[in-house]
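Proteins come first, then strands; the chains are lettered A, B, ... in the order of their sequence lines, and each starts at number 1. The structure displayed is predicted, hence computed values, not measured ones.
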2 protein chains.
Amino acid sequence: MAGQRRSPTQVDVARRAGVSQATVSLVISGGTLGNQVAESTRQAVLEAAAELGYTVNAAARSLKGGRNRMLGLYTFEPVFPVNQRDFYFPFLLGVEEATAAYEYDLLLFSSAGSGGDRRIYAGGVNRLKVADGCVLLGRHLHREDLAELVKEDFPFVFVGRREVPGVELSYVAADYVGATSDMVTTLARLGHRRLAYLKVTDDTEWTRDREAGFRQGLATAGIPDDQVRVFALAEKAALTATQLRDWLASGITAVLVEPTDDDGAIVALERAAAEAGVRIPQDVSVAVLGDPPLQDATRRDWTRFTLPREQMGREAVRILLELLDDNANARQLYLDCTQVLGDSVAEVPEQS
Amino acid sequence: MAGQRRSPTQVDVARRAGVSQATVSLVISGGTLGNQVAESTRQAVLEAAAELGYTVNAAARSLKGGRNRMLGLYTFEPVFPVNQRDFYFPFLLGVEEATAAYEYDLLLFSSAGSGGDRRIYAGGVNRLKVADGCVLLGRHLHREDLAELVKEDFPFVFVGRREVPGVELSYVAADYVGATSDMVTTLARLGHRRLAYLKVTDDTEWTRDREAGFRQGLATAGIPDDQVRVFALAEKAALTATQLRDWLASGITAVLVEPTDDDGAIVALERAAAEAGVRIPQDVSVAVLGDPPLQDATRRDWTRFTLPREQMGREAVRILLELLDDNANARQLYLDCTQVLGDSVAEVPEQS
DNA sequence: ACCTCCCATCGTTACGTATTAAGGACGGCA
DNA sequence: TGCCGTCCTTAATACGTAACGATGGGAGGT
């Protein structure tokens, strides 16, 4: 081993090929003027480069302002932990696939900051900037980091709808509004007229969208507001068997429930049903408004809708590249979800 | 949107704070001389930086310094295709985890070359070099690319044992020899004395290692060579029911089989068994020498050994970082496999 | 033969940062 | 007051690349 040999530069190649550094640059990076170089010279340069084992220095290139052909993928939570991987994996798959298809490489910003905290700005440094642009992923984001990113004009696309007051950002989102509305329609078609909606408390975009979809679905189905019950599930206050019985007693026949990181709402509902001796779907229909992240937590084949996760990943990359080329305004894209009819919803029994 | 606003530099900060660019650099990056800056100046600089939304330009920094804090992961096959993902995923997991733990970022070289062919040297240029070092993964490598990498002194670690004549390279490998040997021992302990060994034909390191382990296990168990039958499974020539019957007729009670990309050998064996009316494990015991990549192709819980894939990924990163720091010689690491007792192996029936 | 034009190549500069050696202010001590 | 030493700050430079304008020479036209 020759030890830490400095890797050859364009100057070295130029010297060997008997041309100038500028010519080497023209040959290597092609550019618009790439065809202005004589074929013989081009060959000589390429040969010299191969012999020396020359490789382009990405740092220098991107310092100069050019592209790296690298896209970043930053996740606010670790993507890989086992319990969540089945949820995040399809996004990753789509992003990877599209990135490769466009002949870019993918930079995974996986390193947690020193504090164990995942932040974009570690020590005041925006690490993302080594990439040409970045796809962001994850539920628990730091808004201030996002705002900072926008302020810097760094091109990025979020997977999932994200709003930051005062700025317009790009994202690829699932159409939660439409999907939830459709779910209400489906339930109404099966005869359900009195619904309960079980939402998580924190006020996020996706929770708001689902609730909006819920209201919209009610309107479409012609169900007045007083026929429904909205219950916000605080983290600690689980749904009790008593509450569930109350609902059923008041004529409610179906429950819509939001999935969460830990499937807390679903698990709580199932436990309450078990305690109350209520059978799903015979006694109450349950529809899940999304993909339950943990497939293991519950064995049931829920009636639900699934996000086109892989496609979302792919589209995010496509939009990011559009952003890079046009450097136009932010753009948003909504993709349809697919309703999956499982065995947790049944027709409402004829009232005798 | 202000459009492509150039992001502020140290010069801008310096101008605003009324100091020189060098002072800004001292304040920002601290360094060894960081404490030589007067507290008042430091505050002024930090304030100016905050007001302007200054962030360090990573490209410029690494151009100057050398290290990128980026590790590469290059795979000779796409890691993500669905049919293989369960096999490769744990490696990826381990690599990602270790990379993050050491506060590096992970660069996924996913872009296929223009020809659809995955090569390290695209257009005579080594793309890997943007990273400080690289973990390599995959079965179907291009030896010439590897040799070139070594020649360039680029630090890399292979996951899986790889040999290139004349050069010594670093890898983290599963101890196929020991695991296969142990498997033979296990079979011998269950009374199996006549074995068949079904290998794939191409002459790879892992095939050789398994065969060596097979021989070693035979020696340990005191089984003479004429009690065994080694069958090389060509790609197209599947194992026939007739052959399988012949083996059993000759007293063979157990088959060791190598897993392949597509589980070809296992599937062939199972089909032959079905055709011949041979039951597994009642009539013949089957041990798989590794992890069957496709869990779906067969529902059986094979007796096998599994590679510590996640750990292999982690160790690969650790060794790579050692290589970076010491820039010493290549190093190799072997990790033990875990035997898994499934239901495809039974005690040999007492011969009446 | 001379002028023109174009093509291939070259010299130069800027990108933003970290570092080194050098400069300047200030106070203390003789 | 003069000298020196200690801090603090600065000017200059290098890193490797891409882009621009400039230059030289050869070919073609008049």
Side-chain angles (χ1 to χ4, degrees), chain A residues 4-46 48-49 52-70 123-127 129-130 132 152, chain B residues 4-45 48-49 52-69 125-127 129-130:
Chain A
Q4 289 295 59
R5 190 181 63 230
R6 194 181 55 81
S7 79
T9 72
Q10 289 188 350
V11 174
D12 301 322
V13 175
R15 193 150 36 214
R16 183 175 187 102
V19 298
S20 76
Q21 175 269 327
T23 305
V24 174
S25 175
L26 278 181
V27 171
I28 296 294
S29 41
T32 50
L33 309 173
N35 40 11
Q36 291 206 350
V37 72
E39 189 54 31
S40 59
T41 313
R42 149 177 256 97
Q43 287 305 328
V45 167
L46 285 180
L52 266 59
Y54 166 81
T55 60
V56 37
N57 180 326
R61 172 174 284 181
S62 75
L63 169 61
K64 194 56 188 138
R67 297 287 178 79
N68 261 345
R69 293 203 82 78
M70 283 176 18
V125 177
N126 175 357
R127 305 153 45 219
K129 276 199 180 165
V130 290
D132 296 339
E152 281 186 40
Chain B
Q4 288 294 59
R5 191 185 60 235
R6 197 179 50 83
S7 75
T9 72
Q10 289 188 348
V11 175
D12 300 322
V13 175
R15 193 151 34 216
R16 185 178 186 100
V19 297
S20 77
Q21 173 268 327
T23 304
V24 175
S25 174
L26 281 181
V27 171
I28 297 295
S29 44
T32 50
L33 309 173
N35 40 10
Q36 293 205 350
V37 173
E39 190 53 32
S40 60
T41 313
R42 146 177 259 99
Q43 287 305 329
V45 168
L52 267 60
Y54 166 81
T55 60
V56 176
N57 181 326
R61 171 175 282 180
S62 75
L63 169 60
K64 190 71 179 97
R67 292 291 177 82
N68 266 342
R69 290 204 82 77
V125 171
N126 174 0
R127 306 151 45 217
K129 277 212 178 155
V130 292

In Å and rounded to the nearest 0.5 Å, what is the CG to CD distance from L52(B) to Q10(B)? 12.5 Å
Residue-phosphate contact under 4.0 Å: T41(B) side-chain N/O, dC8(D) OP1/OP2: no
Could you pull out all residues at least two apart from A22(B) that satisfy side chain to side chain contact (heavy atoms under 4.5 Å, CB included)? S20(B)
Between V19(B) and the options V24(B), V13(B), L26(B), the side-chain contact (heavy atoms from CB on, under 4.5 Å) test singles out V24(B)
Residues passing the side chain to side chain contact (heavy atoms under 4.5 Å, CB included) test with A44(A), sequence neighbours excluded, are none
Pairwise distance CD1(I28(B)) to OG1(T23(B)) - rounded to 0.5 angstrom: 11.5 Å
For the helix from dA1(C)-dT30(D) to dA30(C)-dT1(D), measure the angle between the helix axis at one end and the axis at the other, each built from five pairs, rounding to 10°. 60°
What are the atom names and distances for every N/O pair under 3.5 Å that joins the protein to nucleotides 10-17 of chain D?
unit_1	atom_1	unit_2	atom_2	d
dT10(D)	OP2	S20(B)	N	2.8
dT10(D)	OP2	S20(B)	OG	3.1
dT10(D)	OP2	T23(B)	OG1	2.8
dT17(D)	OP1	Y54(A)	OH	2.5
dT17(D)	OP1	N57(A)	N	3.4
dT17(D)	OP2	Q10(A)	N	2.7

Can you see which heavy atom on V45(B) is nearest to which on A17(B), and at what distance? CA-CB, 4.1 Å
For A14(A) and Q21(A), the nearest pair of non-hydrogen atoms, with its separation, is CB-N, 3.6 Å
Taken to the nearest whole Å, CZ/R15(A) to C1'/dC10(C) is 16 Å
Could I get the full list of side chain to side chain contact (heavy atoms under 4.5 Å, CB included) partners for T9(A), not counting sequence neighbours? R6(A), V11(A), D12(A)
Whole angstrom value for the distance that separates C1' of dA8(C) from CZ of R42(A): 13 Å
